[in-house]
There are 2 protein chains.
Amino acid sequence: MSDLLERLRGRGWRMTAQRRVVAEVLDGDHIHLTADEVHARAVAKLPEISRATVYNTLGEMVSLGEVIEVSTDRRAKRYDPNAHRPHQHLVCARCGAIRDVHPVGNPLSDLPDSERFGFTISDVEVTYRGTCPNCASA
Amino acid sequence: MSDLLERLRGRGWRMTAQRRVVAEVLDGDHIHLTADEVHARAVAKLPEISRATVYNTLGEMVSLGEVIEVSTDRRAKRYDPNAHRPHQHLVCARCGAIRDVHPVGNPLSDLPDSERFGFTISDVEVTYRGTCPNCASA
DNA sequence: TCCTAGAATGGACAATGTCTAAGTCAAGCA
DNA sequence: TGCTTGACTTAGACATTGTCCATTCTAGGA
Ligand SMILES: [Mn+2]
Ligand SMILES: [Mn+2]
Ligand SMILES: [Zn+2]
Ligand SMILES: [Zn+2]
């Protein structure tokens with residue numbers, strides 16, 4: 001039983017086979033799958049699950065704050081079950097590998113008042129891009 | 001004559017009416033338009049310009065390093081003619097307004113070696129999100 | 001066991017982006 | 001100035017990602 005599923009159950013979610021497999025697919029570290037990747041893996045466990053249900057379920061998990069949406073590439077959104085520890089992302093420009101990373105300090109302090117244009121800033125998103133050791137050695 | 005057009009001409013680009021209007025549309029500060037927004041503004045100046053040409057031209061400008069692609073929302077990519085001064089973006093979550101901002105210091109120094117997983121990092125992208133003064137007072 | 005609100009389904013539709021075949025033209029050259 | 005040619009443009013088909021809706025199904029309580 002995944003932690004994610006455990007938390008969702010605790011919120012009074014009606015438990016269905018479809019929701020269970022979506023939660024199972026998202027279980028693990030450094031998981032950042034697109035909706036269609038989640039669908040493909042879910043179909044392997046429950047062949048009749050539909051695309052719409054995967055999209056719906058992911059959307060609900062996001063609304064509940066149990067999954068976050070990540071847009072590291074400029075293609076599909078990715079779904080990240082690591083919603084309870086703030087973190088940023090490190091992306092390999094070659095192969096697309098994504099790692100969770102935890103920078104030190106408060107990135108907000110790097111932005112002087114003169115550069116805030118009167119905005120109230122509530123969130124900072126950081127994406128580090130580079131080459132992973134695997135791609136570097138190839 | 002825009003700076004952008006001037007630089008492109010200097011690279012031996014074949015100059016066409018279409019490329020000229022795309023460059024004109026991108027002239028200015030804090031410009032972050034989607035491809036279809038560029039197309040709409042270009043059509044106002046040159047009614048027969050096609051969608052494909054706008055996409056092609058923007059893609060070439062990006063390849064030449066004269067325009068950068070920005071993905072601040074999770075919808076369409078935006079095209080930014082401010083390619084020669086490194087900067088980050090401040091986005092209003094309410095109305096979508098985007099400002100160029102220049103944080104101090106090197107954002108890379110916030111990421112300890114232990115969090116680099118052997119990657120060679122070449123670039124950091126930062127998006128600040130909040131509420132603009134206009135939306136805050138409304 | 002039965003009911004019903006909530007969930008799942010398939011497919012249409014929308015938004016964004018890519019590709020191609022055919023027509024057009026900018027720019028170098030006679 | 002008027003060819004020639006390869007680069008450029010065009011319209012529209014197609015692909016990917018995501019949303020929406022009418023219908024059918026079912027989890028879980030009475
Ligand atoms: Mn993550
Ligand atoms: Mn910018
Ligand atoms: Zn890699
Ligand atoms: Zn605003």
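The figures that follow rest on heavy atoms only: side chains count, while hydrogens, waters and symmetry mates do not. The structure displayed is predicted, hence computed values, not measured ones. Throughout, protein chains are lettered first and strands after them, A, B, ... in sequence-line order, and every chain is numbered starting at 1.
Following rounding to the nearest Å, A:Tyr55 (OH) and C:dG11 (P) show an atom-to-atom distance of 17 Å. To the nearest angstrom, P of C:dT9 lies 11 Å from CZ of A:Arg19. Spacing between atom CD of A:Glu37 and atom C1' of D:dG18 amounts to 15 Å, rounded to whole angstrom units. Rounded to whole Å, atom C1' of C:dA15 lies 14 Å from atom NZ of B:Lys77. The nearest whole Å value for the distance from the CG atom in B:Leu33 to the C1' atom in C:dT16 is 16 Å. As rounded to whole Å, 13 Å separates atom P of D:dC20 from atom CD of A:Glu60. Atom CZ of B:Arg51 is separated from atom C1' of D:dG12 by 10 Å (rounded to the nearest Å). Across the protein-nucleic acid pair, B:Arg11 atom CZ and C:dA27 atom C1' stand 20 Å apart, rounded to whole Å.
OP1 or OP2 of D:dT9 has at least one side-chain nitrogen or oxygen of B:Thr16 nearer than 4.0 Å. For B:Gln18, no side-chain nitrogen or oxygen approaches OP1 or OP2 of C:dC25 to under 4.0 Å.
For A:Thr53, the listed nucleotide lying nearest its side chain is C:dT9; candidates were C:dA7, C:dT9, D:dA11. Side-chain atoms of A:Ala35 lie closest to D:dG18 of the nucleotides D:dG18, C:dT16, D:dT16.
Heavy-atom distances to DNA chain C give each of B:Thr34 and A:Ala52 a nearest nucleotide, and the one nearer the 5′ end belongs to A:Ala52. Take the nearest nucleotide of DNA chain C for B:Asp36 and for B:Arg14: the residue whose nucleotide is more 5' is B:Asp36. Each of B:Trp13 and A:Ala76 lies near DNA chain D, and the nucleotide nearest B:Trp13 is the one positioned closer to the 5' end.
Annotation for A:Asn134: atom CG does not count as buried by contact number, only 12 or fewer foreign heavy atoms lying within 6.0 Å. The number of heavy atoms from other shown groups lying within 6.0 Å of CZ (B:Arg41) does not exceed 12. Atom CZ of A:Arg85 is surrounded by 12 or fewer heavy atoms from other residues, nucleotides or ligands within 6.0 Å.
Partner of A:His32 under the side-chain hydrogen bond (donor to acceptor under 3.5 Å, both in side chains) criterion, out of A:Arg99, A:Arg78, A:Glu37, A:His89: A:His89 alone.
For A:His87 and A:Asp80, the side-chain atoms include at least one donor-acceptor pair closer than 3.5 Å.
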